[in-house]
K.L.:
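Take this structure, written in structure tokens, and hold onto it; I'll ask about it next.
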Amino acid sequence: MIGRLNHVAIAVRDIDAASKVYRDTLAADVSGRVRLPEHGVTTVFVTLPNTKIELLEPLGENSPIAKFLERNADGGIHHICYEVDDIIAARDHLTGKGARVLGDGTPKIGAHGKPVLFLHPKDFCGTLVELEQV
């Protein structure tokens, strides 16, 4: 059901400093900042030959990333994102198998302008999983 690994998301306190590390130290291709108020984050994507790294900075005190950084002061891996062909079919298959979708189960538009859903980490070995329709 799942396709390619789309990205690994890393929560950071300072997206500009983190971008500089990837751009200047690792010589990676780093995108510009994109604010996503509906998700409570600012994002930057680091493009790699086989996937992407998404840097996430909290956008406001109620951001889920702010809460993550309260528990993980140095930041760290927040979630992984897999591609799916049909997000509704994937959601229905997963919930039929007992997996929990976060929120009300309705896909939201993610950072790439495509529908996304998040799956409860307790159902996936302690890892928050994002599904993105391709």
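No hydrogens, no waters, no symmetry mates; every other heavy atom, side chains included, goes into these values. Predicted, not measured: the structure shown is a model, and the values here were computed from it. Positions are given from 1 along the sequence.
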K.L.:
With a 3.5 Å distance limit and no angle check, can you tell me whether R35 reaches the backbone of L59 through a side-chain donor-acceptor pair?
P.N.:
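No.
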K.L.:
Which pairs with one or both residues in residues 48-70 pass ring pair (Phe, Tyr, Trp, His ring centres under 6.0 Å), sequence neighbours excluded?
P.N.:
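For residues 48-70: F68-H78.
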K.L.:
If I compare all heavy atoms of L69 with all of G75, which pair ends up nearest, and what's the gap?
P.N.:
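The pair with the smallest heavy-atom distance is CD2-CA, 3.5 Å.
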K.L.:
Tell me the closest heavy-atom pair linking V12 and P58, and the distance in Å.
P.N.:
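Shortest heavy-atom separation between V12 and P58 comes out as O-CD, 3.5 Å.
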K.L.:
Are R33 and D16 close enough that some pair of their side-chain heavy atoms sits under 4.5 Å apart?
P.N.:
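Yes, close enough: below the 4.5 Å cut-off.
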K.L.:
When you look at CZ of R100, are more than 12 heavy atoms from neighbouring residues, nucleotides or ligands closer to it than 6.0 Å?
P.N.:
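Count over threshold, so yes.
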K.L.:
Can you see which heavy atom on P115 is nearest to which on P107, and at what distance?
P.N.:
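Scanning both residues, the minimum pair turns out to be CB-CB, 3.9 Å.
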K.L.:
Counting heavy atoms not belonging to F124, are there more than 12 under 6.0 Å from its CZ?
P.N.:
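Yes.
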K.L.:
Just verifying a value: how many Å separate R13 CZ and N72 CG, rounded to the nearest 0.5 Å?
P.N.:
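Interatomic distance, R13 CZ to N72 CG, rounded to 0.5 Å: 9.0 Å.
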K.L.:
Does the side chain of E38 come within less than 4.5 Å of L36's, by heavy atoms?
P.N.:
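Yes, at least one pair of side-chain atoms sits under 4.5 Å.
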K.L.:
For V116 and H39, which heavy atoms make the closest approach, and how far apart are they?
P.N.:
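Shortest heavy-atom separation between V116 and H39 comes out as CG2-CE1, 4.3 Å.
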K.L.:
Check step by step if side chain to side chain contact (heavy atoms under 4.5 Å, CB included) holds for V134 and D85.
P.N.:
CA-CA 6 Å; V134 292; D85 290 328; 3.7 Å; yes
K.L.:
So among E83, E130, K52, E132, which one has a side chain to side chain donor-acceptor pair (under 3.5 Å) with H7?
P.N.:
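For H7, the side chain to side chain donor-acceptor pair (under 3.5 Å) check succeeds only for E130.
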K.L.:
Test side chain to side chain contact (heavy atoms under 4.5 Å, CB included) on L26 and V46; report intermediate values, then the result.
P.N.:
CA-CA 10 Å; L26 295 172; V46 179; over 6 Å; no
K.L.:
Between CD1 of I53 and CG of L48, what distance do you get to the nearest 0.5 Å?
P.N.:
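Nearest 0.5 Å value for the CD1-CG distance: 5.0 Å.
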K.L.:
Would you say that S31 contacts T47 through its side chain, given a criterion of any heavy-atom pair below 4.5 Å between the two side chains?
P.N.:
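Not touching, per the 4.5 Å side-chain cut-off.
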K.L.:
Above 12 or not: heavy atoms from other molecules or residues under 6.0 Å from CG of D24?
P.N.:
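Counting neighbours around CG of D24, more than 12 heavy atoms of other residues, nucleotides or ligands fall under 6.0 Å, so yes.
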K.L.:
Give the minimum heavy-atom separation between A111 and E54, together with the two atoms involved.
P.N.:
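In terms of heavy atoms, the two residues are closest at CB-OE2, 4.0 Å.
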K.L.:
Flag yes if I109 and V84 sit in one hydrophobic cluster, no otherwise; membership is Ile, Leu, Val, Met, Phe, Trp, Tyr, and two members link when side-chain heavy atoms are under 4.5 Å apart.
P.N.:
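Hydrophobic grouping puts I109 apart from V84.
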K.L.:
Could you check whether the rings of H112 and F45 sit parallel, tilted or perpendicular, using 30° and 60° as the cut-offs?
P.N.:
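Rings of H112 and F45: tilted, 30 to 60°.
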K.L.:
Do V44 and V34 belong to the same hydrophobic cluster, where Ile, Leu, Val, Met, Phe, Trp and Tyr are linked whenever their side-chain heavy atoms lie under 4.5 Å apart, directly or via other members?
P.N.:
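As far as the 4.5 Å side-chain criterion goes, V34 and V44 are not connected within one cluster.
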K.L.:
For the backbone of G105 and the side chain of R91, can you confirm whether one donor and one acceptor N or O come within less than 3.5 Å of each other?
P.N.:
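Present.
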K.L.:
Near E61 CD, under 6.0 Å, is it more than 12 heavy atoms from other residues, nucleotides or ligands?
P.N.:
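Incorrect, the count does not exceed 12.
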K.L.:
Given the rule that I, L, V, M, F, W and Y join up when any side-chain heavy atoms are under 4.5 Å apart, are I77 and L55 in one cluster?
P.N.:
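Yes; tracing contacts between hydrophobic side chains, which count when under 4.5 Å, links both residues.
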K.L.:
Please walk me through it: do N6 and Y82 pass side chain to side chain contact (heavy atoms under 4.5 Å, CB included)?
P.N.:
CA-CA 5 Å; N6 184 281; Y82 299 113; over 6 Å; no
K.L.:
Decide yes or no for L94 and V101: does some side-chain heavy atom of the first lie under 4.5 Å from some side-chain heavy atom of the second?
P.N.:
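No; the side chains remain at least 4.5 Å from each other.
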K.L.:
Using 0.5 Å steps for rounding, measure from the CG atom of D123 to the OG1 atom of T95.
P.N.:
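Answer rounded to 0.5 Å: 11.0 Å.
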K.L.:
Determine, step by step, whether I87 and L117 satisfy the side chain to side chain contact (heavy atoms under 4.5 Å, CB included) criterion, reporting the C-alpha distance in whole Å, the side-chain angles of both residues, the deciding distance to 0.1 Å, and the verdict.
P.N.:
CA-CA 8 Å; I87 201 158; L117 288 171; 3.8 Å; yes
K.L.:
Taking L119 as the starting point, is it possible to reach V8 by hopping between hydrophobic residues whose side chains are less than 4.5 Å apart?
P.N.:
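Cluster IDs for V8 and L119 match.
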K.L.:
Please check if the side chain of T127 supplies one atom and the backbone of P121 the other of a donor-acceptor pair under 3.5 Å.
P.N.:
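No, the answer is negative, given that no donor and acceptor are paired below the 3.5 Å cut-off.
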K.L.:
Are I65 and I15 connected in the hydrophobic side-chain network, where two residues link if heavy atoms are under 4.5 Å apart?
P.N.:
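No, no single cluster joins them.
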K.L.:
Taking CG in D86 as the centre, count heavy atoms belonging to other residues, nucleotides or ligands within less than 6.0 Å. Is the count above 12?
P.N.:
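It does: D86 CG has more than 12 such atoms within range.
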K.L.:
Could you pull out the closest heavy-atom pair between L56 and A9, with the gap in Å?
P.N.:
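Smallest interatomic distance, heavy atoms only, reads CD1-CB, 3.7 Å.
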